[in-house]
Amino acid sequence: MSFIVIIPARLASTRLPNKPLADLGGKPMIVRVAERAALSGASRIIVATDHHDIHAACQQHGVEVAMTRADHPSGTDRIAEVAASLDLADDAVVVNVQGDEPLIDPGLIAATAGHIKAGVPMATAAHAIETAADAFNPNVVKVVLNKDGCAMYFSRATIPWHRDAFAKSRDALPEAHGPEHANDYTPLRHIGLYAYSNQFLQLYPTLTASPVERIEALEQLRVLWHGHSIAVHVTSLVPEAGVDTPEDLLRVRKHFEAPPDSDLVKTISSL
């Protein structure tokens, strides 16, 4: 499947100022994100920003970048502006990769993009939750799927709620007994990676915010509230965490200080 990646990036950050320009092994974080995205097989990688410093950093490192308005309420709105300027076909696939994911799995980007099809204009990703701490953590967003692998609901609450097991204990997740058991409990953690058909991406900014979106503080609920489908790619790999805090930045910097993976270097050099 052909798809493009657009990476929204703004300089303001409450917990980590100037985050997109943070140095990771001699390159700004936003450039590292673009390099990872380029390994996904995307036909084009574009950074969407409203700040001239980010624009300059991308140009310095040969990353395509587009300036946007500064008043966008979300990254989705920002990438929609850029996509609208590209004269894309309605069925073109656009992937929104967050600008603070310098260790994102390129394969996950491609797999998520592959779920866009007629009747399914948006896709995202998830992985199995393995600990009770994550299952009951409101900062860990959960998703429940229907039989077709599309999202029924996203929540900060523990969903699905295992009535019998949690009545006895909430110290551990119920044990699974194999795929033949319909009652096996596998809660899914949502991964903040999104793919859209271009037609839906242009529609998205016109959708009114939903009451449940405001209650949960989860923007993707707007899509479900308006009756659109979101396919969910379930990966067996737990993704590397993004960068939200100074502690996260130190963790990621250690990765880029390590000896580089030779295959990764060769691939990036050939782009």
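- Hydrophobic clustering of Ile, Leu, Val, Met, Phe, Trp and Tyr side chains at less than 4.5 Å, counting indirect connections, keeps I30 apart from I46.
- Counting heavy atoms from C-beta outward, R253 and D23 have side chains that approach closer than 4.5 Å.
- Formation of a donor-acceptor pair under 3.5 Å by the D148 side chain with backbone atoms of C150 is not found in this model.
- Under a 4.0 Å N-O distance rule, the pair E35/R32 qualifies as a salt bridge.
- Of all heavy-atom pairs between P174 and H162, the closest is CG-CD2, 3.6 Å.
- Considering NZ of K254 and CG of L249, their distance stands at 11.5 Å, rounded to 0.5 Å.
- For the pair I230/Y194, no side-chain contact is recorded, criterion being any heavy-atom separation below 4.5 Å from C-beta on.
- Side-chain contact check for E216 and Y153: at least one donor-acceptor pair (N or O, by modelled atom type) lies under 3.5 Å.
- Between E213 and W225, the closest side-chain pair of non-hydrogen atoms is not below 4.5 Å.
- The environment of E64 atom CD is dense: over 12 non-hydrogen atoms of other residues, nucleotides or ligands sit within 6.0 angstrom.
- In this structure, F200 and L207 have side chains that are in contact, with non-hydrogen atoms separated by less than 4.5 Å.
- When atom types are taken as modelled, the side chain of T49 and the backbone of A9 share a donor-acceptor pair closer than 3.5 angstrom.
- Put simply, CG on D50 and NE2 on H52 are 9.0 Å apart, with the number rounded to the nearest 0.5 Å.
- Counting heavy atoms of neighbouring residues, nucleotides and ligands inside a 6.0 Å radius, atom CG of D87 does not exceed 12 of them.
- Nearest heavy atoms, D100 versus M29: CA-SD, 3.7 Å.
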Just distance, no hydrogens or angles: give the donor-acceptor pairs under 3.5 Å from side chains in residues 110-129, sequence neighbours left out.
residue : atom : partner : partner atom : Å
T112    : OG1  : L108    : O            : 2.9
H115    : NE2  : H233    : ND1          : 3.2
T124    : OG1  : H190    : NE2          : 2.7
T124    : OG1  : I191    : O            : 3.1
T124    : OG1  : L193    : O            : 2.7

Review point. Going through the distances and angles, do I54 and R10 end up as a side chain to side chain contact (heavy atoms under 4.5 Å, CB included)?
Key: CA-CA 8 Å; I54 296 176; R10 62 188 186 93; 5.6 Å; no

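- Hydrophobic clustering (ILVMFWY, side-chain heavy atoms < 4.5 Å, transitive): V63 and V82 are in distinct clusters.
- When the shell of 6.0 Å around CZ of R69 is examined, it contains more than 12 heavy atoms from other residues, nucleotides or ligands.
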Report task. Carefully, step by step, assess H255 and E240 under the rule side chain to side chain contact (heavy atoms under 4.5 Å, CB included). Result -> CA-CA 11 Å; H255 171 88; E240 294 280 356; 5.8 Å; no

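- Looking at heavy atoms from C-beta onward, Y196 lies in side-chain contact with T76 at the 4.5 angstrom threshold.
- Side-chain contact of T245 with E247: a donor-acceptor pair under 3.5 Å is present, judged by distance alone.
- Rounding to the nearest 0.5 angstrom, the gap separating the CZ atom in R214 from the CZ atom in R222 is 8.5 Å.
- Both V47 and L103 are assigned to one and the same hydrophobic cluster, defined by single-linkage of ILVMFWY side chains at heavy-atom distances under 4.5 Å.
- Here the side chain of T158 pairs no donor or acceptor atom with the backbone of W161 at under 3.5 angstrom.
- Residues I159 and M152 share a single hydrophobic cluster, defined by chaining ILVMFWY side chains whose heavy atoms lie under 4.5 Å apart.
- Residues R170 and F136 meet the side-chain proximity criterion, which asks for heavy atoms closer than 4.5 Å.
- Remark: the backbone N or O of V65 is not paired with any side-chain donor or acceptor of Q59 at under 3.5 angstrom.
- Residues L21 and M67 fall into different hydrophobic clusters, defined by Ile, Leu, Val, Met, Phe, Trp and Tyr side chains chained together at heavy-atom separations under 4.5 Å.
- Annotation: side chain to side chain donor-acceptor pair (under 3.5 Å) contacts involving residues 135-145, sequence neighbours excluded, are absent.
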task = Would you sort out whether L203 and H228 count as a side chain to side chain contact (heavy atoms under 4.5 Å, CB included), showing the intermediate values?
result = CA-CA 11 Å; L203 173 67; H228 302 283; 3.9 Å; yes

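- In terms of heavy-atom proximity, H61 sits nearest to P28 at NE2-CD, 3.4 Å.
- Between K19 and D244, at least one side-chain N (NZ, or NE/NH1/NH2) sits under 4.0 Å from a carboxylate O, which counts as a salt bridge.
- Between V95 and I4 there is no side-chain heavy-atom pair separated by less than 4.5 Å.
- The minimum heavy-atom distance between I7 and A34, with the atom names listed, is CD1-CA, 3.7 Å.
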(Q) Run the salt bridge (Lys or Arg N to Asp or Glu O under 4.0 Å) test on E101 and R36 for me, step by step, so that the C-alpha distance in whole Å, both residues' side-chain angles and the decisive distance to 0.1 Å come before the verdict. (A) CA-CA 9 Å; E101 298 278 356; R36 292 294 290 181; over 6 Å; no

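- Between the side chains of R78 and T68, at least one donor N or O lies within less than 3.5 Å of an accepting N or O.
- Judged by distance alone, with hydrogens and angles left aside, the side-chain atoms of N146 form a donor-acceptor pair with the main-chain N or O of G149 at under 3.5 Å.
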*asked:* What verdict does the side chain to side chain contact (heavy atoms under 4.5 Å, CB included) test give for N198 and D91, after you've listed the backbone C-alpha separation in whole Å, the side-chain angles of each residue and the deciding distance to 0.1 Å?
replied: CA-CA 6 Å; N198 180 52; D91 61 353; over 6 Å; no

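- Nearest heavy atom pair, residue Y204 against residue D77, reads CE2-OD2, 4.3 Å.
- Among all heavy-atom pairs drawn from A151 and L224, the shortest one is O-CD2, 3.8 Å.
- Separating the CG atom in L221 from the OG atom in S155 is a distance of 8.0 Å, to the nearest 0.5 Å.
- Distance check: T235 OG1 to D105 CG gives 6.5 Å after rounding to the nearest 0.5 Å.
- Using a 4.5 Å heavy-atom threshold, the side chains of R156 and L218 count as touching.
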